[in-house]
Amino acid sequence: TLAGNSNRKSMWFHNVSTTAIYLAYDATPTSVSYHFVLASGTQPHNGVGAILFDNEWQGGVYVISSAATGTICFAETT
């Protein structure tokens, strides 16, 4: 989860796992109710998983994985 931040200028999320990652703005995502789904890479941590960039949203972002092994890297700039 990335908390809301009124000073946020941008944020990014990168799926570095072999599972799908679901994201939702200000809501808890599920595998059928989400705003974005980040596709998996072909191998863990190989850098080819999907990436989401957003330079407008300042609210909270909630994340779930389709399996317990899901891993995501994320950051924000302020």
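Throughout, residue positions are numbered sequentially from 1 according to the sequence presented.
In this structure, the side chain to side chain donor-acceptor pair (under 3.5 Å) partners of T19, at least two apart in sequence or on a different chain, are S17, S65. Listed by chain and number, the residues in a ring-ring contact (aromatic ring centres under 6.0 Å, His included) with F36 are Y25 (sequence neighbours excluded). The side chain to side chain contact (heavy atoms under 4.5 Å, CB included) test applied to A27 returns A24, not counting sequence neighbours.
The hydrophobic cluster analysis finds Y62 isolated: no Ile, Leu, Val, Met, Phe, Trp or Tyr side chain comes under 4.5 Å of it, directly or through other members. Cluster partners of I51, by chain and number: W12, F53. The rule joins Ile, Leu, Val, Met, Phe, Trp and Tyr whenever side-chain heavy atoms lie under 4.5 Å apart.
Separating the CE atom in M11 from the CD atom in E56 is a distance of 10.0 Å, to the nearest 0.5 Å. We find the CD1-OG distance between I21 and S40 to be 9.0 Å, quoted to the nearest 0.5 Å.
The minimum heavy-atom distance between F13 and L2, with the atom names listed, is CZ-CD2, 3.9 Å. Between T30 and I64, the shortest heavy-atom contact is CA-CD1, 3.6 Å. Minimum interatomic distance between P29 and Y22 (heavy atoms only, all atoms of both residues): CG-O, 3.6 Å.
Hydrophobic clustering, with ILVMFWY side chains joined whenever heavy atoms are under 4.5 angstrom apart, keeps L23 apart from V16. In the hydrophobic clustering of ILVMFWY residues, with side-chain heavy atoms under 4.5 Å counting as a link, V61 and L52 come out together.
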Show me the side-chain donor-acceptor pairs of residues 70-78 shorter than 3.5 Å, one per line, residues at least two apart or across chains.
{"residue": "E76", "atom": "OE1", "partner": "R8", "partner atom": "NE", "Å": "2.6"}
{"residue": "E76", "atom": "OE1", "partner": "R8", "partner atom": "NH2", "Å": "3.2"}
{"residue": "E76", "atom": "OE2", "partner": "N5", "partner atom": "ND2", "Å": "3.1"}
{"residue": "T77", "atom": "OG1", "partner": "S10", "partner atom": "N", "Å": "3.3"}
{"residue": "T77", "atom": "OG1", "partner": "S10", "partner atom": "OG", "Å": "2.5"}

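When atom types are taken as modelled, the side chain of D26 and the backbone of G60 share a donor-acceptor pair closer than 3.5 angstrom.
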